Amino acid sequence: MTTVESPPTAQPIWRPPAGALWSGRWVDGASAMPVRDPEDGSLLGHVTDTSPAEVDQAVAGVAAAGTSGEEWPAWRRREALDAAARLVLRRREVLTEVMSREGCKTVREATAEVSRAAETLRLSAQQTGRLTGETLPFSDTSRGAGRLGWYTREPVGVVAAITPFNDPLNLVAHKVGPALAAGNGVVLKPAEATPLTALAFAEVLLDAGVPAERLAVVPGTGAGTGRALVGHPLVDLVSFTGGFRTGNEVARAAGAKKTLMELGGNNAVLVLDDAAREAAAHAVVAGAFGVAGQNCLSVQRVFVSSRIADRFIRDVVTATEALRVGRKADSRTDIGPLISEREAGRVQEWVREAREGGAEVRTGGQREGAFHWPTVLTGVPADAKVMTEEIFGPVLVIEPFETVDEAITRANDTRYGLQAGIFTAALETALDVAERLRVGAVMINDSSDFRIDAMPFGGPKRSGVGREGVRYAVEAMTEPKVVAVRRSA
């Protein structure tokens with residue numbers, strides 16, 4: 001694997017019109033916080049560190065726009081979101097640079113995410129024509145005599161969107177797009193590490209025709225800005241993506257209001273003895289180490305038939321060692337930094353714990369600043385953190401199994417249930433395994449790290465509450481409203 005090269009002199013990065021957006025205008029709040037490149041710590045700029053009082057202004061402004069502001073009918077919402085999808089693609093270069101510089105994505109990964117975000121907006125636009133209801137069967141009961149009625153789907157009101165650093169454009173689009181399509185106002189708090197991408201995206205939306213009064217962006221800390229936002233009495237629904245522990249804090253702060261939460265995974269892939277071994281190995285490596293493993297869908301645990309385990313491990317190690325670790329801006333780079341040196345140190349500590357418990361490092365294991373080399377472990381103790389928790393880093397555990405029943409049991413032995421994968425040539429076996437895995441989605445002959453933005457997305461156990469995916473988010477962000485008419489006698 002190639003070592004990290006020294007970065008060139010940093011070039012200027014796009015600057016937002018101001019450090020935040022609320023009350024229909026770009027504003028700089030009373031306090032500011034720095035934004036730094038995790039690769040070298042260089043300062044990229046400052047954004048507002050939004051105070052609770054400023055959050056109150058932002059939420060109140062968005063709420064007022066929804067209740068007494070100018071009407072924004074579905075056809076105008078569709079036009080604005082379609083225009084935003086096109087504009088995202090036209091601004092690909094700027095969005096790619098901002099995303100890669102402030103975050104952890106390589107330039108290739110950031111470029112691909114721009115296309116994903118445009119598709120998410122396009123899908124959101126399509127949903128505006130599907131906000132339909134139906135008539136209700138009042139004649140089905142004697143108590144309904146002389147009545148007719150129907151229901152429609154109405155916006156919930158104000159959506160608080162709290163987004164993570166790992167997909168700072170597309171996961172913002174996944175919350176803001178459906179919320180706007182449904183007719184809601186949105187107050188967005190982006191991840192502390194990646195607020196510039198969110199502000200650049202907000203500029204796209206405004207330029208595309210989204211009314212400024214219906215959108216606010218409030219950068220800041222989770223403890224300050226985030227807590228004030230989710231607990232605000234005018235917020236009707238909280239959409240959060242992040243870790244399970246933070247999700248619990250969000251739920252406590254939100255109180256008795258609607259929540260939509262995706263809280264991560266500890267995803268397993270099963271490789272049976274009849275699998276296309278080399279193809280499975282390459283899919284596993286791609287699924288484990290993209291975005292340096294900082295992906296809720298990343299492959300973390302692989303259970304492989306003992307009959308092919310040695311050869312499969314060799315294939316995985318070979319493919320892993322072919323990956324290039326380096327600067328994000330280099331188009332040849334496969335693995336960039338983690339989001340911070342602290343996070344890279346945590347991953348290193350989890351690997352050390354596994355090694356002290358008897359695990360063998362087949363490749364990788366070293367760290368340099370915020371970079372952690374892609375690492376393959378075998379012989380990992382069942383209670384090691386790399387087995388039981390979501391590592392959110394470039395570490396892959398491979399363990400052999402004797403029977404398919406054993407593999408299913410071990411795959412399900414986690415407090416998470418987001419997605420899983422299985423590689424086999426036997427369709428009946430694949431369908432049986434898919435039925436028995438307790439997860440939100442099973443990928444057959446693919447890794448767990450696959451998703452299209454039209455899928456219902458989420459899972460049981462610690463993996464979250466409800467389902468994302470554009471159509472399903474729109475459903476969650478609307479409510480049925482019944483109208484009943486009593487006809488004159």
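Just so it is clear, the model here is predicted, and its values are computed rather than measured.
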Least distance between heavy atoms, L263 atom then G243 atom: CD2-O, 3.7 Å

How many angstroms lie between atom OG1 of T120 and atom CD of E113, to the nearest 0.5 angstrom? 9.0 Å

With side-chain contact (heavy atoms from CB on, under 4.5 Å) as the criterion, how do T259 and L237 come out once you've worked through the C-alpha distance, each side chain's angles and the decisive distance to 0.1 Å? CA-CA 6 Å; T259 58; L237 182 147; over 6 Å; no

How many angstroms lie between atom CZ of F371 and atom CG of L338, to the nearest 0.5 angstrom? 9.5 Å

Any donor-acceptor pair under 3.5 Å linking the side chain of T375 with the backbone of G365? yes

Between S447 and D449, does a side chain to side chain donor-acceptor pair (under 3.5 Å) hold up when you go through it step by step? CA-CA 5 Å; S447 83; D449 183 28; 5.1 Å; no

Straight-line distance of L169 CG to T163 OG1, nearest 0.5 Å: 10.0 Å

Taking side chain as C-beta onward, heavy atoms only, is V55 less than 4.5 Å from W22? no

So, R122 and D82, do they make that salt bridge, N to O below 4.0 Å? no

Side-chain ion pair, K385 and E389, N-O less than 4.0 Å: no

So how far is it from T225 OG1 to R227 CZ, rounded to the nearest 0.5 Å? 12.0 Å

Do the charged groups of R327 and E39 touch, with an N to O distance under 4.0 Å? no

Would you confirm whether T478, through its side chain, and V474, through its main-chain N or O, come within 3.5 Å as a donor-acceptor pair? yes

Inspect the contact between D207 and R91 and indicate whether a charged nitrogen and a carboxylate oxygen are less than 4.0 angstrom apart. yes

Any non-hydrogen side-chain atom of R214 less than 4.5 Å from a side-chain atom of V62? no

So that I can tick it off, tell me whether E249 and R245 are bridged by a salt bridge, with the cut-off set at under 4.0 angstrom between side-chain N and carboxylate O. no

Would you kindly say whether T132 and E134 are connected by a side-chain donor-acceptor distance under 3.5 Å? no

Compute both the distance and the angle, then confirm whether R462 meets the cation-pi test with F244: under 6.0 Å from the six-membered ring centre, within 45 degrees of the axis. yes

For K257, which of V235, V230, V156 qualifies under side chain to side chain contact (heavy atoms under 4.5 Å, CB included)? V235

Walk me through it: do V351 and V395 pass the test side-chain contact (heavy atoms from CB on, under 4.5 Å)? CA-CA 8 Å; V351 171; V395 178; 3.7 Å; yes

Taking the six-membered ring of W350, is the NZ or CZ of R346 close enough (under 6.0 Å from the centre) and on axis enough (within 45°)? yes

Applying side-chain hydrogen bond (donor to acceptor under 3.5 Å, both in side chains) between Q348 and each of R367, Q366, E353, H372, report the one that passes. R367

pair L171-N166: side-chain heavy atoms closer than 4.5 Å: yes

Less than 4.5 Å apart, any side-chain heavy atom of L180 and any of W72? yes

From the list R108, R324, K328, salt bridge (charged side-chain N to carboxylate O under 4.0 Å, His left out) with D334 holds only for R108

Shortest non-hydrogen contact from A181 to S124? CB-O, 3.3 Å

Work out which heavy atom in T414 is nearest to a heavy atom in R301; give both atom names and the distance. CG2-NH2, 3.5 Å

So, for G265 and L418, which heavy atoms are closest and what is the spacing to 0.1 Å? CA-CB, 4.1 Å

Decide side-chain contact (heavy atoms from CB on, under 4.5 Å) for F289 and V285; before the verdict, give the C-alpha distance in whole Å, the side-chain angles of both, and the deciding distance to 0.1 Å. CA-CA 6 Å; F289 301 129; V285 169; 3.8 Å; yes

Donor-acceptor contact present, side-chain R78 to main-chain A125, <3.5 Å: no

Where do I335 and A292 come nearest, in terms of heavy atoms and distance? CG2-CB, 4.1 Å

Ion pair present between E479 and K258, side-chain N to carboxylate O less than 4.0 angstrom? yes

Side chains of V187 and V159: closer than 4.5 Å at any heavy-atom pair? no

R153 side chain vs E475 backbone, donor-acceptor pair below 3.5 Å: yes

Would a 4.5 Å heavy-atom cut-off, applied to side chains only, mark C104 and F165 as touching? yes

Side chain D49, main chain P219, donor-acceptor under 3.5 Å: no

Can you tell me how far apart CG (N170) and NZ (K175) are? Round to the nearest 0.5 Å. 11.0 Å

Please determine whether side-chain contact (heavy atoms from CB on, under 4.5 Å) holds for the pair W150 and V485, giving the CA-CA distance in whole Å, both sets of side-chain angles, and the decisive distance to 0.1 Å. CA-CA 9 Å; W150 57 88; V485 179; 4.1 Å; yes

If I take atom CG from residue D56 and atom NE2 from residue H232, how far apart are they, to the nearest 0.5 angstrom? 3.5 Å

